[in-house]
Amino acid sequence: MNDSINEKEIQKKVRREAFKRNWLLFRQSTLGMIGLGIVFFFFILAILQPILFLTGAWNEAVYHPVVGYEEIKVNLLVVECPDEYPTEKYESSNACPGDGEITQRQIYNPNINPEVGDIHVALLQPSPPSARHLLGTDSLGRDIFSQIMEGSQVAFLLGLLSAIIGVSISTILGTIAAFYGGRVDAYLMRQSDLVLMLPSLPLLFIISAFAELKIWHLAIVLGVIGGLGGSVITIKSQALQVKVKPFVDSARITGGSNMTILFSHILPNVAPLALLFMVFSVTGAIASESILSFLGLLNIEMSWGIMIYLSQTDGYIFSGMAYWWLILPAGLAVTFLAGGFYLVGRGLDDVFNPRLRKR
Amino acid sequence: MKKNVIEVKNLEKYFEVNSGFLNRNKSIVKAVDNISFDIPLGESLGLVGQSGCGKTTTARSLCLLDQKTNGEVKFYNTETQEMDDIDNFDDANLKKFRRNIQMIFQDPYESLNPRWTIKDIILEPLNIHNIGTLNDREEAVKEILTTVGLTPPENYMPRYPHELSGGQRQRVSIARTLVMKPKFVVCDEPTSMLDVSIRISIMDLMLNLAKDLEVSYLYITHDLAVARYMCNRIAVMFNGKIVEIAETEELLKNPIHPYTKRLISSIPVPDPQYQRQEYELNYDELDEIIKNNPDDDMVDIGGNHYIATHDVKDSLY
Amino acid sequence: MSKTVLKVENLNMHYETIAGNVSAVRDVSFELKEGESFGLVGESGCGKTSVAMSLLQLQADNAKISSGSIKLNDEELVTKTEKELRKIRWKGISIVFQGAMNAWNPVVKIGEQIREAIREHYPNNSKEENSEKIKKLFDIVGLEHSIMNRFPHELSGGMKQRAVIALALSCDPKVLIADEPTTALDVVIQDQILKEISKVQELLGLSLIYISHDIAVIAEMTSNMAVMYAGSIVEMGKTSEIFSNPRHAYTKLLLESTPSIVGEKKKLRSLDGEPPSLIGDIKGCTFSPRCPEPSDSCKNQSLEMGLIEAAPDHFVDQCCVECV
């Protein structure tokens with residue numbers, strides 16, 4: 001047998017075992033598994049939309065979340081309440097004591113003045129969920145379900161991009177602060193304090209009011225604000241713990257340079273904590289995006305926040321549960337995906353934090 | 001005349017301690033206070049004392065982890081066969097010099113980087129000093145793993161430290177230390193966290209390697225029984241000073257300094273029949289005496305047995 | 001003939017973990033007589049501490065006692081409820097933990113913490129009575145009375161450990177368990193604490209269970225001892241008898257691997273290999289893989305483990321009798 005092949009095989013086995021052990025630990029955490037399920041569900045939604053378009057299962061003209069449009073027409077007979085004839089036309093069919101179908105729109109439309117007995121062609125938008133449109137359509141006749149799918153693409157893109165940017169910044173700065181100490185440390189810590197003190201949401205309002213933020217602009221802004229803030233302090237404290245470990249001393253005795261120690265000893269050992277931060281900060285990024293979109297401050301075509309924003313500007317948000325499909329799906333999606341990432345973080349915490357491990 | 005691997009003269013290490021409002025009160029703690037010793041090539045010196053007496057600080061100063069405050073430290077140069085003062089090194093020489101000195105730590109769970117494989121851990125010194133080709137380095141790793149008893153090496157090289165037991169990890173530490181073939185290794189209680197049964201095999205391994213590779217150890221421990229097993233000579237440290245230094249058997253049979261006597265009388269003996277000698281010591285008095293004799297020196301009382309002079313003229317004696 | 005205070009019979013305890021059940025204590029039986037000092041020795045993970053925790057019924061949540069009995073003065077402890085146990089714990093059996101000196105509440109004075117423990121068990125005592133009692137305890141363990149009014153951080157490690165012993169004695173226990181009370185202490189302080197424990201034991205007529213990995217300490221502290229390996233007792237008897245005439249291969253190796261500062265400097269023997277995994281079913285002799293000269297019955301694992309009386313009052317695991 002060749003030795004090197006033998007070694008490679010063991011290496012593979014070791015990696016597989018390590019993965020299996022971590023996966024076992026993660027599986028112990030029920031919350032983590034629920035979170036992972038939720039994230040996976042939305043991930044499927046996000047990648048399903050282009051597949052549906054490509055395979056032709058969906059017609060882009062009808063189902064496109066931004067430009068797809070469907071006219072739903074209904075033939076309505078204008079009636080009056082037979083019991084109180086002749087009388088004023090009622091505002092809604094509920095208010096009519098007798099049988100009959102009256103829609104508010106056509107009657108109060110100043111251009112149409114229908115007589116009793118007319119058959120009137122009405123546009124029914126937003127239309128409630130049906131077999132054709134699983135979650136109904138919005139006030140423009142666009143499919144809500146495809147908007148949810150598009151929204152999850154946006155959420156994943158924004159969440160992960162901003163988390164990666166933020167965590168890279170805070171890991172590098174935190175490690176540098178811990179390693180060099182002194183003035184560098186003091187400067188970086190004051191900077192974090194400053195960013196922590198700034199109220200981040202109002203700051204985002206101002207930034208997005210002045211600049212037309214696209215999704216990746218927002219990801220960068222969120223990443224930088226998150227990366228300079230409190231996570232630098234936490235990563236620094238972790239790096240400080242690693243810095244005084246004997247293996248760092250032993251690298252130093254051997255003559256390892258600062259860069260060697262920084263990049264090959266300290267960074268790999270703060271990486272698990274950084275990963276944890278990353279997962280948690282996805283939650284924050286998704287929530288921030290929804291808030292900014294809801295206020296109409298972003299230059300994005302479609303996202304979950306935009307969906308709620310539209311239902312708000314059209315006034316449906318005030319009609320209680322009558323137009324639930326305009327608000328609930330988007331609202332729940334934001335809540336669930338943000339919460340899902342948070343739960344995955346909790347599960348990872350169980351893997352990385354030996355204190356909490358069940359023995 | 002036998003060559004020394006290290007000569008330490010009047011080594012001092014002070015720490016500044018800030019206290020009070022806005023750190024206005026500064027006081028100096030003498031962690032290591034004027035100590036001197038030599039270690040001949042291939043021999044081992046045990047440094048014994050209670051925790052906080054300055055053993056580890058001495059070790060860190062010798063390994064250049066902390067800058068010493070005062071004193072002279074000379075190392076044996078394997079090329080010129082002469083003693084080099086470490087204060088005279090420039091950066092390039094310093095890096096070269098670091099090949100010859102290594103340290104083994106107490107805690108086998110903290111002294112190996114948990115994110116590295118065993119192979120990477122042992123390769124590190126070779127990589128830092130850029131020794132040989134990549135193949136040479138890998139061969140060296142295999143060889144040293146075999147030497148420390150982790151066979152077959154291919155089975156251990158791709159593993160991570162947490163997959164090994166405490167004893168195996170300490171073997172890896174020793175392998176990493178010795179892969180550069182250093183002349184001087186500082187051991188900071190390398191066996192105190194291991195089980196009794198494993199402890200002996202590690203100590204035997206270190207003794208055998210010392211013989212084969214001509215390594216000298218500075219062996220730090222609080223256990224005289226371990227020091228006796230490992231070392232040719234023992235130095236007893238108390239409050240930052242070496243109070244007695246002698247050949248191992250001589251020190252145990254004929255202790256002179258009161259602190260040494262107290263230390264020896266407090267070691268339990270694995271024999272139910274044996275009655276230990278009682279020896280009481282007033283620490284405050286000893287502290288006082290040491291404080292009042294700041295400039296004392298070590299005197300030879302014959303047979304390479306040195307004691308701190310504050311004893312000779314005092315009632316404790 | 002003094003009477004038996006504590007009797008442990010066929011105690012089995014396991015931990016439930018992800019990887020499976022870990023049998024930490026396997027078929028352990030021993031007796032403790034009044035005023036006797038009993039040593040438990042073995043390497044880490046051999047189940048010493050698990051035995052101590054079972055005696056106090058303080059085991060971790062995932063630990064289950066599957067069978068066996070623990071009798072304190074003929075009172076069965078295994079079947080008792082948590083409430084009943086609380087009465088027995090400090091009063092019947094008390095313990096000095098490994099590293100117990102770091103378990104003091106940092107913001108409460110030492111005296112107050114001990115008083116609290118006494119109040120739990122003697123609710124009718126007056127404050128003065130309790131204070132008197134603490135002073136008496138401090139005299140016994142060699143602490144000044146003023147330490148009652150100090151906070152834990154003001155004391156040195158040795159003083160804190162003495163105070164822990166005073167706390168353990170505060171409710172007049174019959175049995176004191178000392179679980180490595182001197183690890184992490186310096187040799188000189190260890191020496192003082194050991195002397196203190198011996199003195200206290202003699203003075204109060206306590207039964208002592210001393211747990212340690214260091215057979216030198218066991219040799220000094222105990223009259224009887226048991227050697228544990230992989231969850232079971234492999235040899236048990238008088239300390240002097242075991243030291244002069246060890247019969248189990250593991251005991252022999254343990255004795256020959258301990259360095260000493262007296263006598264001739266001799267080559268020590270090392271014990272290779274690792275202790276066995278205790279997960280799942282265990283068959284035959286657990287020590288045979290590391291045994292330097294295993295007998296045939298050991299190698300083919302035909303014998304089950306179990307103590308037999310090899311000499312009067314000297315019990316050895318039957319797998320290893322042939323090795324003698």
Side-chain angles (χ1 to χ4, degrees), chain A residues 1-22 25 171 175 181 238-275 351-354 357 359, chain B residues 56 59-60 62-66 91-92 94-121 124-130 135 138-139 142 152-163 173 176-177 179-180 182 185-186 188:
Chain A
M1 272 296 281
N2 193 332
D3 282 350
S4 61
I5 290 171
N6 188 4
E7 190 190 321
K8 286 234 171 67
E9 267 170 18
I10 294 171
Q11 197 168 356
K12 259 190 217 154
K13 210 178 113 219
V14 165
R15 289 216 179 113
R16 224 175 17 238
E17 274 168 11
F19 179 77
K20 221 168 116 187
R21 191 177 39 247
N22 287 338
L25 277 169
T171 309
T175 328
Q238 170 81 8
L240 273 179
Q241 281 178 33
V242 178
K243 189 189 161 191
V244 296
K245 290 266 163 83
F247 59 80
V248 175
D249 277 344
S250 112
R252 208 167 276 158
I253 292 170
T254 315
S257 64
N258 283 349
M259 282 298 131
T260 319
I261 290 166
L262 197 58
F263 283 102
S264 44
H265 283 291
I266 297 182
L267 266 185
N269 282 291
V270 294
L273 184 76
L275 180 64
V351 178
F352 295 138
N353 255 330
R357 269 184 203 173
R359 299 221 313 141
Chain B
T56 304
R60 290 179 69 90
L62 293 185
C63 294
L64 313 184
L65 274 176
D66 297 335
D91 283 353
L94 196 63
K95 190 168 176 186
K96 214 167 149 197
F97 151 78
R98 279 179 185 278
R99 285 183 194 187
N100 288 321
I101 185 162
Q102 286 294 335
M103 186 160 171
I104 303 177
F105 292 88
Q106 176 176 17
D107 189 342
Y109 295 87
E110 302 258 280
S111 57
L112 304 177
N113 188 340
R115 308 255 145 221
W116 284 19
T117 60
I118 303 302
K119 182 178 162 186
D120 291 336
I121 287 169
E124 189 191 20
L126 299 173
N127 289 340
I128 287 174
H129 291 284
N130 221 349
N135 276 339
E138 199 161 324
E139 281 310 310
K142 276 184 193 164
E154 290 83 13
N155 191 14
Y156 290 95
M157 279 155 69
R159 295 195 182 275
Y160 288 91
H162 65 85
E163 297 174 71
S173 288
R176 183 198 176 279
T177 306
V179 71
M180 302 279 296
V185 176
V186 177
D188 190 357

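Side chains are part of it too, since the values below use all heavy atoms of this structure and drop only hydrogens, waters and symmetry mates. The sequence lines fix the lettering, A, B, ..., with proteins before strands; numbering per chain opens at 1. The shown structure was predicted, so the numbers you read here are calculated from the model rather than taken from an experiment.
Using a 4.5 Å cut-off between heavy atoms, Lys119(B) contacts chain A through its side chain alone, with no backbone atom that close. Using a 4.5 Å cut-off between heavy atoms, Lys13(A) touches chain B through its side chain atoms alone. With a threshold of 4.5 angstrom between heavy atoms, Ala271(A) does not approach chain B through any atom at all. If you measure heavy-atom distances from Ser257(A) to chain B, you find no contacts under 4.5 Å at all. Glu163(B) touches chain A through its side chain: at least one heavy atom from C-beta onward sits under 4.5 Å away, while N, CA, C and O do not.
Put simply, the side chain of Gln102(B) reaches to within 4.5 Å of the side chain of Thr254(A), judged on heavy atoms.
Pairing each heavy atom of Arg21(A) with each of His162(B), the nearest pair is NH2-CE1, 2.9 Å. Of all heavy-atom pairs between Arg98(B) and Gly255(A), the closest is CD-CA, 3.4 Å. The two residues Ser264(A) and Trp116(B) have their closest heavy-atom pair at O-NE1, 2.9 Å. Shortest non-hydrogen contact noted between Pro268(A) and Arg115(B) is O-CD, 3.0 Å.
Distance check, rounded to the nearest 0.5 Å: CZ of Phe247(A) to CZ of Arg176(B) gives 11.0 Å. Atom CZ of Arg60(B) sits about 7.5 Å away from atom CD1 of Ile253(A), to the nearest 0.5 Å.
Annotation: maximal heavy-atom pairing with chain A below 4.5 Å, among Asn113(B), Asn155(B), Ile121(B), Ile128(B), occurs at Asn113(B). Per-residue counts of heavy-atom pairs under 4.5 Å with chain A were compared for Leu112(B), Thr117(B), Asn127(B); the largest is that of Leu112(B). Between chain B and the options Arg15(A), Lys245(A), Lys12(A), the largest number of non-hydrogen pairs under 4.5 Å is found for Lys245(A).
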